[in-house]
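First the structure, in the form of structure tokens, and then the observations on it.
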2 protein chains.
Amino acid sequence: MRVTIEDVAKKAGVSKSTVSRVMNQNYHHITEEKRQKVFQAIRELDYRPNALAKGLKQMKTSTIGVILSNLQNPFWMKVLEGIEDLCQEEGYSLMIVNSRDNLAREEENVKGFLMRQLDGLIINPSLGQNPVFQSLEAYHVPYVFLNRKVQDIQADTIVVDNIKGVSLAVDHLVGLERRRIAVFLYPPEGISPRLERIEGYLKALRANRIEVREDWIKIVTNREDCRREMQVLLEAQERPNAILSTNNMLTLDILESLKESGYRVPEQIGVVGYDETEWSKHLDPPLTTIVQPAYEMGKAAVKRLIERIRAKEQKVQLAAETMELEPSLIVRRSCGGLGD
Amino acid sequence: MRVTIEDVAKKAGVSKSTVSRVMNQNYHHITEEKRQKVFQAIRELDYRPNALAKGLKQMKTSTIGVILSNLQNPFWMKVLEGIEDLCQEEGYSLMIVNSRDNLAREEENVKGFLMRQLDGLIINPSLGQNPVFQSLEAYHVPYVFLNRKVQDIQADTIVVDNIKGVSLAVDHLVGLERRRIAVFLYPPEGISPRLERIEGYLKALRANRIEVREDWIKIVTNREDCRREMQVLLEAQERPNAILSTNNMLTLDILESLKESGYRVPEQIGVVGYDETEWSKHLDPPLTTIVQPAYEMGKAAVKRLIERIRAKEQKVQLAAETMELEPSLIVRRSCGGLGD
DNA sequence: ATGAAAGCGCTAACAT
DNA sequence: ATGTTAGCGCTTTCAT
């Protein structure tokens, strides 16, 4: 059988409560002698308290659930690192799941977390609207949304300023006399960062007095699509001299499509990527990217979530907040102009 | 308050047991009428059973814990995908943690999982020996090791044939008349894949009647180190004409060091990487890599783990097994010879 | 076919 | 300072 608190109590010759108190540092005036006995028994039996029983009794699990929409994307791994670091510091364990941008999976994940009585949730929502999010409110579970804003739900949300990010890139390109800028993105589908990036693109062009060309806004769903659209773009009479990518996976497809078409970067066409990764500097050519503060984003989410958990414990209301972080730009060689 | 089984029972006008039976499809001859009532109550109250209570009672959680040593490495994300897919199919939830190759963190993680009464563990061990692994045996928790063999512990282990992997690479290089092969690796420190890859290197050289040069075996710990060792290598009188990397992160550092030294790949020196990634084909030049079947590895681990969980339930013994998967080679341009 | 009740392992209020 | 006990929410045996 498994070792329980009862076994420890017997071995130490004390009651369960005493063991419990020792375990939880409630040294409610416990004699040093008994304390030592308990410690010894715990060690000898290699006792580990049953977290289920403890959680059931205390109505809290000291565990935070994280639902990410895409674990393959290294951006999220950086975010996760921030989450992990702060959680560890604050004494929370983590339960991480991957919704893979799939509504059904996301719903499963939320339900699973709800049943497990997690203390709080950090969610990078798959798509605009998942009905299951309503349950979050009904269940009074503290939660924070990451990166994507969810319509019709008043909730804490940590985002990065996408308008600013894109404008950083556009201004950089314009500074290099590359004013003929096409943009590639995945289908917006109501997903806030995508919408905002396209909005930022339009705004930035306008600010630079560049006319918008609808046919230079390329919405693609996969590699094939990207390749096809790239061909259309490059075979047209008027060609862009720069491409703005809005996603780091998409950037790889763009680079590949360009390479296949025999286009040289940056000589014939410049490329700006979104999200800095380990390999950005190793691409051919090294990539100029818009950097989002991923690690900080993770930390910010945990910080806010813990505030919310505490507020709930103390039964105080907290208004929903949107926290916006600042992106920046790393200039490498993919847009030329750096004397190479 | 939270909705409990009692609330559902009251609302449906039945006992808790009946609700429980309906929930768990133990339709132990329950009248259709009551069943419907229960379903309705569940729906109206948006009831979700408390997993802690359920787990406590049933002594199982239907949850598998995964301890990975490095979430930053995309190789592990692929493994994770395999794990996720099979777990979902088999009705298990997942709890994923990141030990970051840190013994203390790993110990915390194992203990946490033990306390949470998870049904089984999949562990990519940080280092050769973690004393906490002894607890796994003592607690009779089913577990499987991934990728790294742990000494002195008889346990199921899923690995990839590293000797074969390296020999694939060496033979490829030799076929391209690149017989002067240096190898880079992280400090072996008793970590089996590292030891095996270096062993494979020695074996493969011998098989090709190439003399081993100790000074071409470079053990590095980080980027700086890699850069320094690369300089030593390239400034020597006799220089290698190929480099074998043994890790995908290390490959990036190698490429960077080479670039800094002004060396052209593959013209002056060929490079083979370990582990295929999204970006391998986008590197400069596109990278020839040894591919490990990551997804299959994840699936294999879960498959074996579930066998073990079942065996435990039925109280049958299972002998520890080591399952070895086969690597392969993707040839691109980083070793030249492909008519470019 | 269904309900009553015990009990999983723990904590915390209450008693001493 | 420490022990006794009730109870967290569920499943499951045992009655009926």
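We name chains A, B, ... by the order of the sequence lines, and we start the count at 1 in each one.
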Quiz: residues 109-124 of chain A side-chain donor-acceptor pairs under 3.5 angstrom, not counting sequence neighbours:
from     : atom 1 : to       : atom 2 : distance (Å)
A:Asn109 : ND2    : A:Arg105 : O      : 3.1
A:Lys111 : NZ     : A:Glu107 : OE2    : 3.0
A:Arg116 : NH2    : B:Thr63  : OG1    : 2.5
A:Arg116 : NH2    : B:Ser93  : OG     : 3.3
A:Asp119 : OD1    : A:Thr61  : N      : 2.9
A:Asp119 : OD1    : A:Thr61  : OG1    : 3.3
A:Asp119 : OD2    : A:Ser62  : N      : 2.6
A:Asn124 : OD1    : A:Ser69  : N      : 3.3
A:Asn124 : OD1    : A:Ser69  : OG     : 2.4
A:Asn124 : ND2    : A:Leu146 : O      : 3.1

Task: Contact residues, residues 8-15 of chain A to DNA chain D [heavy atom, < 4.0 Å] - done: A:Val14, A:Ser15
Task: D:dC8 OP1/OP2 closer than 4.0 Å to side-chain N/O of B:Thr4 - done: no
Show the atom names and distances, to 0.1 Å, of all donor-acceptor pairs under 3.5 Å that link a side chain in residues 9-17 of chain B to residues at least two apart or in another chain.
from    : atom 1 : to      : atom 2 : distance (Å)
B:Lys11 : NZ     : B:Glu44 : OE1    : 3.4
B:Ser15 : OG     : B:Ser17 : N      : 3.4
B:Ser15 : OG     : B:Ser17 : OG     : 3.4
B:Ser15 : OG     : B:Thr18 : N      : 3.4
B:Ser15 : OG     : B:Thr18 : OG1    : 3.3

TODO: Please list, chain by chain and in numerical order, all residues satisfying side-chain hydrogen bond (donor to acceptor under 3.5 Å, both in side chains) with B:Ser135, sequence neighbours excluded.
DONE: A:Asp46, A:Arg48
- [ ] Hey, could you give me each pair passing salt bridge (charged side-chain N to carboxylate O under 4.0 Å, His left out) that has a residue in residues 84-96 of chain A? Not counting sequence neighbours.
- [x] A:Glu84-B:Arg100, A:Asp85-B:Arg100, A:Glu90-A:Arg310
Open item on the list: For A:Glu108, is the CD atom crowded, meaning more than 12 foreign heavy atoms sit under 6.0 Å from it?
Closed with: no
Open item on the list: Can you confirm whether A:Lys303 is buried at NZ, in the sense that more than 12 heavy atoms of other residues, nucleotides or ligands lie under 6.0 Å from that atom?
Closed with: no
Open item on the list: So if I define the base as every atom that isn't primed, P, OP1 or OP2, how would nucleotides 11-16 of chain C read as a B/S/- string at a heavy-atom cutoff under 4.0 Å?
Closed with: BBB---
- [ ] Please report, rounded to the nearest Å, how far the C1' atom of C:dA1 is from the NZ atom of B:Lys34.
- [x] 8 Å
Task: Listed once per pair and sorted, the salt bridge (charged side-chain N to carboxylate O under 4.0 Å, His left out) pairs that draw on residues 50-67 of chain A, sequence neighbours left out - done: none
Open item on the list: What I'd like to find out is whether the side chain of B:Ile83 reaches to under 4.5 Å of the side chain of B:Val66, using heavy atoms alone.
Closed with: yes
Open item on the list: Using the rule given for salt bridge (charged side-chain N to carboxylate O under 4.0 Å, His left out), can you reason through B:Arg148 versus B:Asp101, listing the C-alpha separation, both sets of side-chain angles and the distance that settles it, and then say yes or no?
Closed with: CA-CA 12 Å; B:Arg148 295 176 182 173; B:Asp101 257 323; 3.1 Å; yes
Open item on the list: Tell me which residues in residues 110-121 of chain B lie within less than 4.0 Å of DNA chain C, going by non-hydrogen atoms.
Closed with: none
- [ ] Mind checking ring pair (Phe, Tyr, Trp, His ring centres under 6.0 Å) for A:Phe145 and listing every partner two or more places apart, or none if nothing turns up?
- [x] A:Phe133, A:Tyr143
Open item on the list: Going by the rule salt bridge (charged side-chain N to carboxylate O under 4.0 Å, His left out), which residues pair with A:Arg194 if we only count those two or more places apart in sequence or in a different chain?
Closed with: none
Task: Separation of D:dG7 C1' from B:Leu52 CG (nearest whole Å) - done: 15 Å
Task: Between P of D:dC10 and CE of A:Met59, the distance in whole Å - done: 11 Å
Open item on the list: How many whole angstroms separate atom CD of B:Glu6 from atom P of C:dA4?
Closed with: 10 Å
TODO: Would you please name every residue forming a side-chain hydrogen bond (donor to acceptor under 3.5 Å, both in side chains) with A:Gln154, sequence neighbours left out?
DONE: none
Task: Each stem that DNA chain C is part of, given as range with range (3 or more consecutive Watson-Crick or G-U pairs, under 3.5 Å) - done: C:1-16 with D:1-16
